[in-house]
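Heads up, the thing below is written out as structure tokens.
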Protein chains: 2
Amino acid sequence: MAGRGVTIADVAARAGVAASTVSYVLSGKRSISPETADRVMAAVADLGYHPHAGARALASRRAGVVAMMLPLRDGMHLPVLMQFASGAVTEARRHDQDVLLMTADEGPAGLARVAASAIVDGLILMDVEVRDPRVEALRRLGLPSVLIGFPADAEGLTCVDLDFEAAGRVCAQYLVERGCGDIALLGASEAVYARRTGFAERVREGFLSRNAARAEVWPCPDDAASVQRTVKELLTSKPELTGLAVHNEPAVGHVMHALADAGRRVGEDFHVVVIGPDEVAERTHPQLPSVLVPAETLAETAVRHLMRKLDGIDVPDSTLIEPQLTLR
Amino acid sequence: MAGRGVTIADVAARAGVAASTVSYVLSGKRSISPETADRVMAAVADLGYHPHAGARALASRRAGVVAMMLPLRDGMHLPVLMQFASGAVTEARRHDQDVLLMTADEGPAGLARVAASAIVDGLILMDVEVRDPRVEALRRLGLPSVLIGFPADAEGLTCVDLDFEAAGRVCAQYLVERGCGDIALLGASEAVYARRTGFAERVREGFLSRNAARAEVWPCPDDAASVQRTVKELLTSKPELTGLAVHNEPAVGHVMHALADAGRRVGEDFHVVVIGPDEVAERTHPQLPSVLVPAETLAETAVRHLMRKLDGIDVPDSTLIEPQLTLR
DNA sequence: CCTGATCATCGAAGCGCTTCGACGGACCCT
DNA sequence: AGGGTCCGTCGAAGCGCTTCGATGATCAGG
């Protein structure tokens, strides 16, 4: 009934077996007769026994904890972060692991610390950038890890991310199916393209792959004035444009205004699709179809891959999650 | 330089001392001569030594980890949650502790598990409700803990929260200072009052304490129609009303529309103040002054209190954080 | 009925650390 | 000079678990 202070010896005594036998029942690493196993499990339940995490870590060289490093401070999109954290914790618990939360600003030193102190068995690194000092540290430390996102040099690393190319393709597809003639992708500002080339580039390529002849990609800053201007220029330069994909969260609202100002009726003679979180696509009138970053799935996949690696099972270096188009 | 696999014995050998001496240098629990200490610290740095967390936990009965249980799934206000997590991790690291992330849906069983496995030394429980099964478990387990929020029976527990009564008072004060004659508090729907009486009640009392004769409190659901109706009734029944405090996040936008419909010009002949997150108060035209839930401060205070408790130092059972009014 | 294999269980040896008691030397007091 | 303190350091004993090799017991095959 207690819990606090119950050791494996107590369980062993109550079940009338050796401590090692209890350990084997619990881990299943040697075969134990069903009768003995039952008696042990009953004792465990009676006493409310839980193995001491530290002792277990010391003896087995497995902490039963994985670290999750999140960019907790800056302008990351919050809902995505939460879904991610929630997905990771839930999946980890399914594998009987706990999750240690680290902030990205602990940086490489933080990684070195958790690796050396053996406080965690592995690591999930979120929001990896193209040039990320943590990536080098990771490689040096040899700590099993899974990254969300792709750094410039992913050699030998396990990475998971949304298949952004497919996302671009899905958006183009959607617009073409709606009968749009000319279509365009309104992207992020140049700055974002510069910072994480990979991901914006991949959306562009996917978008253009569908109907390249009549598709264009326009980068665009996200302030109201720039969006207003960009949309105006776009409509002028391509009079037959009737479909627009927007891969720029903060700009979505402004885009809708600019289209309304230009006399386009979205949902009727004009179509818009968003790459971004649900809330953004739901806050407009009319609500827009969207492809979202499936944070929960990403987290689950990352954790699952990490567990595999810890068990010495091979996982693919690179895993791309299929985008899901939500109609509204 | 290595890190992985470096033990205290390696450090001891390199510094030419006994392992226990290294331990004492690191913990400061016995006096060691400066020369020896220097040599040890040099060896630690050279080898990149970090104590093995499991071994340390086993021998010292201190894990160096605290758990943080968050409601990661449901409709909690996200920015608050993130600020909270970020504040807690940062403060914990200052005390050389790590943070284990748990979801509220692990419930009492989760608490029992982490307590019995000694994987954490203490616990921070966020978003405590008036009737919370975890609270009873906590008391039973005797795990050192700090709660954010006040359960019905806080006897013997350490709780931290915003001083909601002061928040109500500050809002009334603000309106009175703006020369408002009659003022009102538009509160949450009855349901919220029912769920966590404490906190809504306390705002009401604070609000009424300032100028009770000319102040009223109106509960209100948060859908557009209800808000529209409530505001209209309010303005009719109190023609001299020129100041309104809104303690109902989702309703704020609707309140502004209703006031505009009624011809009130907020910021000129009418004043509104919000109790809620910054984003809500910033999304209106004009932006509104507001009292926010200081998540980061709450988290830091909670962690600090927990550290104290772990060190056997007394902390107050109940700590109320002063509200801060942000003018805009 | 003996041999060798297989199965279920045990005991002991660590895992890397903290902590307690002990011990020699330096220092102070008389 | 002798006794008592205090200081700095050491060695050994565990913390609670896993894991390895060993040990009986059981059983099939000859």
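Because the structure is predicted, anything quoted here is derived from the model rather than measured. Each chain gets a letter, A, B and so on, in the order its sequence line appears, and its residues count up from 1.
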Do B/Thr301 and B/Thr319 come within less than 4.5 Å of each other through their side chains, counting heavy atoms only?
yes
Does OP1 or OP2 of C/dT18 have a side-chain N or O of B/Ser23 closer than 4.0 Å?
yes
Interface polar pairs with nucleotides 5-8 of chain D, N/O, under 3.5 angstrom:
residue: D/dG8; atom: OP2; partner: B/Ser31; partner atom: OG; Å: 2.2

Could you check how far OH of A/Tyr49 sits from C1' of D/dT18, rounded to whole Å?
10 Å
Roughly, in whole Å, what's the span from CZ in B/Arg56 to P in C/dC15?
19 Å
B/Leu47 atom CG is separated from C/dG16 atom C1', nearest whole Å, by 15 Å
Nearest-nucleotide wise, let me know which of B/Thr21 and B/Leu58 is further upstream toward the 5' end of DNA chain C.
B/Leu58
Going through the distances and angles, do A/Ser33 and A/Thr36 end up as a side chain to side chain donor-acceptor pair (under 3.5 Å)?
CA-CA 5 Å; A/Ser33 72; A/Thr36 306; 2.8 Å; yes
Over all heavy atoms of both residues, which pair between A/Gly87 and A/Ala299 is shortest? Give the atoms and the distance, please.
C-CB, 4.0 Å
Touch class at under 4.0 angstrom, heavy-atom based, for A/Ser20 against every strand present:
base
Rounding to a whole Å, what distance do you find between B/His50:NE2 and C/dG16:P?
16 Å
Let me know which of B/Lys309, B/Arg308, B/His305 forms a side chain to side chain donor-acceptor pair (under 3.5 Å) with B/Thr158.
B/Lys309
Quick one: CG on A/Leu147 to CG on A/Leu157, what's the gap to the nearest 0.5 Å?
4.5 Å
Between B/Arg139 and B/Glu155 (side chain of the first, backbone of the second, donor and acceptor by atom type, cut-off under 3.5 Å), is there such a pair?
yes
Report the distance from atom CG of A/Asp121 to atom P of D/dT18, rounded to the nearest whole Å.
14 Å
Pick base, sugar-phosphate or nothing for B/Ser60, based on heavy-atom distances below 4.0 Å to the nucleic acid.
sugar-phosphate
Output yes when at least one side-chain N/O atom of B/Arg62 is less than 4.0 Å from OP1 or OP2 of C/dT18, else no.
no
Measure CD1/A/Ile8 against P/C/dC15 and give the value in whole Å, please.
19 Å
Selection from D/dT19, D/dC10, C/dG14 that lies nearest to any side-chain heavy atom of B/Ala18:
D/dC10
Side-chain N,O (B/Lys29) to OP1/OP2 (C/dT19) below 4.0 Å:
yes
If you take atom types as modelled and just measure distance, does the side chain of A/Tyr24 reach the base of C/dC7 with a donor-acceptor pair under 3.5 Å?
no
Atom NE2 of B/His52 and atom C1' of D/dC15: how far apart are they, to the nearest Å?
14 Å
Mind calculating the distance between CG (A/Asp10) and P (D/dC15) to the nearest angstrom?
12 Å
Please walk me through it: do B/Arg113 and A/Asp98 pass salt bridge (Lys or Arg N to Asp or Glu O under 4.0 Å)?
CA-CA 11 Å; B/Arg113 179 178 64 84; A/Asp98 277 293; 2.7 Å; yes
